[in-house]
Amino acid sequence: MYNYGKKYCCQYFFTYVRDHDEPYIRYGVTVTRRIGNAVVRNRAKRIMREALRQSAEYAEPGFEIVLVARSDIKKVGFFPVLHQLKKHLFEKHSIHRKGKVLER
RNA sequence: GGAGUCGGCCGGGCGGCCGCUGGUUCCUGUUGGAACUGGAGGAAAGUCCGGGCUCCAGAGGGCAGAACGCCGGGUAACUCCCGGGGGGAGUGAUCCUACGGAAAGUGCAACAGAGAGCAGACCGCCGAUGGCCUCAAGGCACAGGCAAGGGUGAAACGGUGAGGUAAGAGCUCACCAGCGGUUCGGGUAACCGGAUCGGCUUGGCAAACCCCGUUCGGAGCAAGACCAAAUAGAGAAGCGCUUGAGAGCGGCCCGUUCGAUGCUUCCGGGUAGGUUGCAUGAGGCGCAUGGUAACAUGCGUCCCAGAUGAAUGGUCGCCGUUCAUCCGGUUAAACGGAUGUUCACAGAACCCGGCUUACAGGUCGACUCCGCGU
């Protein structure tokens, strides 16, 4: 995934995306211990998962995605992360807007 | 009113919309869907002690190692807790205390200081006795004697007074301190208080080695138990070896191709994966009784997270909270409003009892000291 997927980055996280033929979206979230203690890591994961969930409502299934947190993510709330994720998916990677099938 | 000590509790609240996850019921029973309902902490943290539970080992004893160390009680157990004693700090409430043995041995003590262990002589005191000078009184400070005073240090081999002496010294004596023995009183005990006798003084550190006493088998829920694709096989039964078991093509028959240490079933094994362990417990709350208390007993009542690439969230509104700016208000504050901003430490992972560490702010109670008023 890290080797073959497309990589996009911003201040808060890295996005790895790869297209496939299955009728669902498969996602993963990574927060390393460098980001902070357990409370901070949990919050980062929840924000990224919520952003993925809300973005996937508008996306055509058929790709898999991994988000890797960077340390600046602990400084910001939900909306900057959602905004950046939509930018990566729909502007840079050109995912079709539609669909709803989601798988972890 | 100010300063302080100790203990307890809370540690954002309410509501909408969209999600995650456990349970129950229904639909459905492959996946799933609907309704109702539960869903982080006082430390969930560090993983430092003690237990439950599980597996392994185990005749009995010892060594080594580790932990602990005043007394009594509590507890499943503890190195924890409660009560008490000794020592230390504080005016006090209160706090701190690894608090057995230094007269079994080994070892250690920076700097300063003359000297740091059965010590020492820098300044100092004396110079009786002996020596030198002198008729002598006396002088010299040479041999030698002393450790009272000064000074150093965290610590210098008891303190005060008297006798004694050349000067001094527990050298002698009295009292005091300390040590040891005997004994009386109080207390379960640690210990406290008193009487008497003794020898005359024996420094500190054991969280240095050590000695004495007490306790300790090992590993851990990734423990352990069960189901079980795959894949080794040492096994058993059946069928079959050109008279063809079985497999492929095909909806089926025929047909055709492959086909012999072969095929099927069972057994066995246990990988991936799943189930269980797994949440009713040394349980919470309330009341009563016993106890100074820790805690125990009885009765009533409640069911209160259960994830596993690891749920318990996202967002909006109102209120609360911190700070800043502006406006109103005021002598100045208090107070009111607007805008922005802030809201501690921190996330269950088999379960309990502790310890330790982190923590914005708020709140309640008890007590102490100081000031003022009555």
Side-chain angles (χ1 to χ4, degrees):
Chain A
M1 192 67 205
Y2 296 124
N3 289 331
Y4 298 109
K6 291 272 234 175
K7 178 180 177 183
Y8 306 105
C9 58
C10 68
Q11 195 181 357
Y12 313 126
F13 55 91
F14 299 115
T15 306
Y16 295 88
V17 186
R18 189 171 65 175
D19 295 321
H20 63 184
D21 297 329
E22 308 299 322
Y24 53 80
I25 299 169
R26 191 161 69 166
Y27 74 90
V29 167
T30 299
V31 183
T32 63
R33 294 190 64 175
R34 290 178 58 193
I35 305 297
N37 61 24
V39 175
V40 173
R41 292 200 304 273
N42 272 338
R43 176 166 168 80
K45 280 188 277 188
R46 284 161 179 163
I47 285 175
M48 289 195 291
R49 267 204 295 267
E50 184 70 15
L52 277 167
R53 189 182 69 82
Q54 293 193 14
S55 303
E57 289 180 3
Y58 305 106
E60 183 77 40
F63 62 96
E64 50 192 18
I65 180 166
V66 172
L67 299 188
V68 179
R70 307 182 71 182
S71 67
D72 279 351
I73 201 171
K74 60 192 174 191
K75 298 178 187 169
V76 299
F78 169 69
F79 285 111
V81 174
L82 179 66
H83 177 76
Q84 287 289 337
L85 179 65
K86 282 182 171 173
K87 197 169 162 187
H88 286 175
L89 285 180
F90 301 126
E91 293 177 22
K92 293 189 175 175
H93 199 73
S94 311
I95 298 286
H96 298 295
R97 290 171 176 270
K98 210 194 128 225
K100 222 184 167 181
V101 182
L102 187 65
E103 185 175 287
R104 189 170 292 171

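Proteins come first, then strands; the chains are lettered A, B, ... in the order of their sequence lines, and each starts at number 1.
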Taking a pair to mean Watson-Crick or G-U wobble geometry with both distances below 3.5 Å, B:rU24 pairs with B:rA35

As a test of the definition: with a 90° window around 0 for syn, would you call B:rC304 syn or anti? syn

Pick the closest RNA chain B nucleotide for A:Val29 and for A:Asn42 by heavy atoms, then say which residue is nearer the 5' end. A:Val29

Rounding to an integer number of angstrom, what distance separates B:rC318 and B:rU308 when you compare their C1' atoms? 39 Å

Let's see if you can work this out: which of B:rG347, B:rA310, B:rG19 has an atom nearest to the side-chain heavy atoms of A:Arg49? B:rA310

Over how many whole Å does the gap from A:Gln54 atom CD to B:rC17 atom C1' extend? 11 Å

What is the base-pairing partner of B:rG246, counting Watson-Crick and G-U wobble geometry with both distances under 3.5 Å? B:rC258

Establish, with yes or no, whether the OP1 or OP2 oxygen of B:rA311 is under 4.0 angstrom from a side-chain nitrogen or oxygen of A:Arg46. no

Suppose you measure atom C1' in B:rG262 against the same atom in B:rG240; what distance do you get, rounded to whole Å? 8 Å

With syn defined as a glycosidic angle within 90° of 0 and anti as the rest, where does B:rG170 land? syn

What integer number of Å spans the C1' atoms of B:rA93 and B:rC6? 8 Å

Nearest to the side chain of A:Phe79 - B:rC316, B:rC18, B:rG314? B:rC316

Using a 4.0 Å heavy-atom cut-off across all strands, classify A:Arg41 as base, sugar-phosphate, or nothing. nothing

Mind checking who B:rG300 pairs with, Watson-Crick or G-U wobble, both distances under 3.5 Å? B:rC285

B:rG198: pairing nucleotide in any strand, Watson-Crick or G-U under 3.5 angstrom: B:rC179

Between A:Ile47 and A:Asn37, just flag the one whose closest nucleotide in RNA chain B comes earlier from the 5' side. A:Ile47

When the C1' atoms of B:rA207 and B:rC99 are compared, how many Å lie between them, rounded to an integer? 13 Å

With syn defined as a glycosidic angle within 90 degrees of 0 and anti as anything else, the base of B:rG42 is syn

Complementary nucleotide for B:rU75 - Watson-Crick or wobble, under 3.5 Å: none

Give the nucleotide from the list B:rC18, B:rG313, B:rG314 with an atom nearest to the side chain of A:Phe78. B:rG314

Under 3.5 Å for both donor-acceptor distances, Watson-Crick or wobble: does B:rG277 have a partner, and if so which one? none

If I pick the P atom on B:rU47 and the same atom on B:rA324, what distance separates them, to the nearest angstrom? 41 Å

Atom C1', compared across B:rC352 and B:rC68: separation rounded to whole Å: 24 Å

Interatomic distance at C1', B:rC146 relative to B:rU165, whole Å: 11 Å

